[in-house]
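Because the structure is a prediction, the values reported are computed rather than measured.
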Amino acid sequence: MQGFIHFDLEQQDYFKYAALTAAAIFIILFTAILYRSQSANARANRRAGEYTELYESVQVQSGESLWEISSRYYSDEYKSMKRYIAKIKRLNHLSGEKISAGTYLIIPYYAAAVGENTRRSTK
């Protein structure tokens with residue numbers, strides 16, 4: 001038949017050719033999946049904005065409650081006040097919401113840029 005390229009491969013050569021083709025397809029697919037994953041992460045980071053979670057040590061004043069302190073640092077990135085307080089309790093190894101004047105708490109908050117020490121949203 002004219003017009004067709006005919007490969008006269010022995011069986012052993014055929015398996016080598018098939019293995020190389022399969023390896024090339026695998027590499028292309030793996031690269032595509034990896035690229036898609038990285039670009040999805042980049043899109044998520046752009047949607048999240050330029051905000052970074054930072055931590056501040058806060059001394060509890062007389063009469064303050066965990067809810068009062070939390071409300072000053074809470075922002076929408078935490079999804080709910082209940083989750084935010086649960087995070088503060090985990091960070092400070094608290095089993096309940098009772099805190100004492102004079103103690104220090106680690107309070108997370110979001111700032112507009114890395115290294116910026118001003119809180120984004122305080123009330």
Side-chain angles (χ1 to χ4, degrees):
M1 295 175 94
Q2 284 184 322
F4 289 99
I5 299 174
H6 178 68
F7 291 102
D8 190 19
L9 300 174
E10 293 181 16
Q11 190 172 11
Q12 186 178 16
D13 290 337
Y14 175 78
F15 287 122
K16 285 180 185 177
Y17 177 74
L20 286 174
T21 303
I25 290 171
F26 174 78
I27 289 170
I28 290 169
L29 287 174
F30 180 76
T31 304
I33 290 169
L34 183 64
Y35 175 76
R36 183 179 173 120
S37 169
Q38 288 177 344
S39 62
N41 287 342
R43 282 192 305 274
N45 288 341
R46 280 194 299 273
R47 279 193 304 271
E50 298 289 327
Y51 299 107
T52 302
E53 187 175 41
L54 301 173
Y55 300 89
E56 185 170 324
S57 178
V58 175
Q59 186 175 24
V60 178
Q61 301 301 312
S62 179
E64 281 187 313
S65 70
L66 186 56
W67 280 83
E68 285 178 81
I69 295 170
S70 301
S71 68
R72 289 197 309 258
Y73 293 87
Y74 175 81
S75 62
D76 291 336
E77 288 84 3
Y78 293 105
K79 308 290 184 208
S80 75
M81 182 61 88
K82 185 176 179 180
R83 284 185 179 182
Y84 184 54
I85 288 181
K87 181 170 187 157
I88 292 171
K89 286 168 59 176
R90 255 190 332 274
L91 286 171
N92 292 283
H93 308 286
L94 299 173
S95 58
E97 293 182 13
K98 184 176 180 178
I99 54 175
S100 302
T103 59
Y104 286 86
L105 296 175
I106 298 168
I107 305 294
Y109 65 95
Y110 279 88
V114 177
E116 187 176 314
N117 287 329
T118 57
R119 288 186 299 282
R120 188 180 127 207
S121 62
T122 58
K123 295 178 181 176

Say whether Y73 and E56, considering side chains only, have a donor N or O and an acceptor N or O under 3.5 Å apart. yes

Side chains of I107 and R72, heavy atoms from C-beta outward: is any pair under 4.5 Å? no

Side chain proximity check, I88 to P108, heavy atoms < 4.5 angstrom: yes

Can you tell me how the ring of F30 sits relative to the ring of F26, calling it parallel under 30°, perpendicular over 60° and tilted otherwise? parallel

Taking S80 for the side chain and R83 for the main chain, is one N or O donor matched with an acceptor at less than 3.5 Å? yes

Taking the side chain as everything from C-beta on, heavy atoms only, tell me whether Y78 gets closer than 4.5 Å to I85. no

For residues W67 and Y109: do they belong to one hydrophobic cluster (side chain heavy atoms under 4.5 Å, members Ile, Leu, Val, Met, Phe, Trp, Tyr)? yes

Closest heavy-atom pair and its distance - K89, L66: CG-CD2, 3.8 Å

What closest approach, in Å, do E64 and Q59 show between heavy atoms, and which atom pair accounts for it? OE1-O, 4.0 Å

To check you understand the geometry: which heavy-atom pair defines the closest contact between Y74 and K79, and what is its length? OH-C, 3.5 Å

Would you mind reporting whether M81 and S71 have side-chain heavy atoms less than 4.5 Å apart? yes

Heavy atoms of L54 and A111 approach each other most closely as CD1-CB, 3.5 Å

Looking at residues at least two apart in the chain, or sitting in another chain, which of them share a side-chain contact (heavy atoms from CB on, under 4.5 Å) with T21? Y17, I25

Quick one: are I99 and N92 in side-chain contact, heavy atoms under 4.5 Å? no

